[in-house]
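Okay, structure first, notes after.
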Amino acid sequence: MASPSSSAVTERRGIPGASFVEDVQQYLAQLGLDVNSALVFLQERLQQYKLVEMKLLAQQRDLQAKIPDIEKCLDIVATLQAKKETGEALIADFEVSEGIYSRARIEDSSSVCLWLGANVMLEYSCDEANTLLQKNLENAKASLEVLVADLQFLRDQVTITQVTIARVYNWDVHQRRIKQATAASSKDT
């Protein structure tokens, strides 16, 4: 029987778990496959894992880029609130278009506009914006933690699958050598 190294083969967020194969012959009998079919199945599974890994890595890159942007927005809102409390005007350079900047003098700002995505911008009070940005930052960090855990799980499944492929292949080579040795010894007698 193909027995996994842990108590059961698990699944994590739609990523199927791979089982460690201790007895290749029993594994092949259980699946009802020959060696070549089993190797093809395992290679396909490995390719599926690689595809999922690429998607997760892209999501991770997006989140890692998003978190500093949210933190920067939080800093700007905090600066606006601090300047408002002191009554000072804030002098800021902002990007109008790629490579084109303008200088602005912001006096007594009680609200900010935030891009929400899909070409939507809403105006919030500084307190509401701070709350929304804090919530978005927490969600992004939590999503990143889940993604990192998913990637670790996926890498473990890739390793187990690669080891299983090697074990099945090596078992097949060993079986062929035994057959050749048996055939050679029967010819000699």
Side-chain angles (χ1 to χ4, degrees), residues 4-19 41-163 165:
S5 57
S6 61
S7 61
V9 177
T10 58
E11 180 178 308
R12 179 178 172 91
R13 293 176 21 108
I15 302 168
S19 60
F41 168 75
L42 290 168
Q43 289 290 351
E44 287 174 358
R45 176 64 57 96
L46 188 61
Q47 291 306 315
Q48 291 170 351
Y49 286 146
K50 294 291 185 177
L51 181 64
V52 172
E53 183 180 30
M54 286 184 353
K55 289 179 181 178
L56 290 178
L57 286 171
Q59 289 177 3
Q60 183 183 30
R61 276 191 308 274
D62 291 345
L63 279 174
Q64 286 174 333
K66 187 178 186 181
I67 289 173
D69 288 344
I70 295 171
E71 289 171 339
K72 188 168 108 179
C73 289
L74 276 167
D75 289 343
I76 292 169
V77 170
T79 302
L80 281 173
Q81 286 177 317
K83 292 290 184 176
K84 179 182 175 186
E85 289 172 6
T86 62
E88 294 179 52
L90 175 68
I91 306 296
D93 293 331
F94 62 95
E95 189 172 14
V96 177
S97 182
E98 188 175 329
I100 301 173
Y101 291 86
S102 181
R103 181 161 285 166
R105 180 182 173 100
I106 304 169
E107 295 182 19
D108 194 28
S109 175
S110 60
S111 65
V112 294
C113 294
L114 298 176
W115 283 106
L116 299 181
N119 293 327
V120 175
M121 179 184 271
L122 286 180
E123 184 175 0
Y124 290 96
S125 70
C126 288
D127 291 333
E128 290 173 332
N130 196 23
T131 303
L132 177 68
L133 289 169
Q134 284 289 351
K135 181 181 167 208
N136 288 351
L137 182 62
E138 290 169 11
N139 290 342
K141 286 182 177 181
S143 295
L144 186 59
E145 286 179 21
V146 169
L147 261 175
V148 168
D150 287 349
L151 278 167
Q152 183 58 48
F153 176 80
L154 187 62
R155 287 183 183 122
D156 290 344
Q157 304 321 299
V158 166
T159 301
I160 292 169
T161 303
Q162 289 171 333
V163 168
I165 290 170

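- Residue A140 comes nearest to I70 through the heavy atom pair CB-CD1, 4.4 Å, listed as atom of the first residue, atom of the second, then distance.
- The heavy-atom pair separating R45 from G17 by the smallest distance is NH1-O, 4.0 Å.
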Report task. Kindly determine whether K84 and S110 satisfy side-chain contact (heavy atoms from CB on, under 4.5 Å), including the steps that lead there. Result -> CA-CA 8 Å; K84 179 182 175 186; S110 60; 3.5 Å; yes

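- L57 contributes atom CG, which lies 11.0 Å from atom CG of D62 (distance to the nearest 0.5 angstrom).
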Requested in this report: Using the side-chain contact (heavy atoms from CB on, under 4.5 Å) rule, take L137 and K141 through it: C-alpha gap first, then chi angles, then the decisive distance, then the call.
Outcome: CA-CA 6 Å; L137 182 62; K141 286 182 177 181; 3.9 Å; yes

Residues 112-128 side chain polar contacts: donor-acceptor under 3.5 Å, at least two apart:
| residue | atom | partner | partner atom | Å |
| --- | --- | --- | --- | --- |
| E123 | OE2 | S111 | OG | 2.5 |
| S125 | OG | E128 | N | 3.2 |
| S125 | OG | E128 | OE1 | 3.4 |
| D127 | OD1 | Q81 | NE2 | 2.8 |
| E128 | OE1 | S125 | N | 3.2 |

Query - K83 and I106: CA distance, side-chain angles, deciding distance, side-chain contact (heavy atoms from CB on, under 4.5 Å) verdict - result: CA-CA 9 Å; K83 292 290 184 176; I106 304 169; over 6 Å; no

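- Taken to the nearest 0.5 Å, the CZ atom of R155 stands 9.5 Å off from the OG1 atom of T159.
- Residues forming a side chain to side chain donor-acceptor pair (under 3.5 Å) with N130 (at least two apart in sequence, or on another chain): none.
- With rounding to the nearest 0.5 angstrom, the CG atom of L144 is 5.0 Å from the CD1 atom of I67.
- The distance from atom CD of Q43 to atom CD of Q162, rounded to the nearest 0.5 Å, is 9.0 Å.
- No option in Q60, Q59, R12 other than R12 meets the side chain to side chain contact (heavy atoms under 4.5 Å, CB included) test with D150.
- Once rounded to the nearest 0.5 Å, the distance linking OH of Y49 with CG of L56 reads 12.5 Å.
- Contact detail for Q64 and P68: the closest heavy-atom pair is O-CD, 2.9 Å.
- Taking all atoms of both residues into account, the shortest heavy-atom contact from I15 to L154 is CG2-CD1, 3.6 Å.
- Listed for the E107 side chain is no donor-acceptor partner under 3.5 Å among the backbone atoms of A89.
- To the nearest 0.5 Å, atoms OG1 (T131) and CG (N136) are separated by 11.0 Å.
- Closest non-hydrogen pair, R103 versus F94, comes out as C-CE2, 4.4 Å.
- Judged as a salt bridge (charged side-chain N to carboxylate O under 4.0 Å, His left out), and not counting sequence neighbours, E85 has no contacts.
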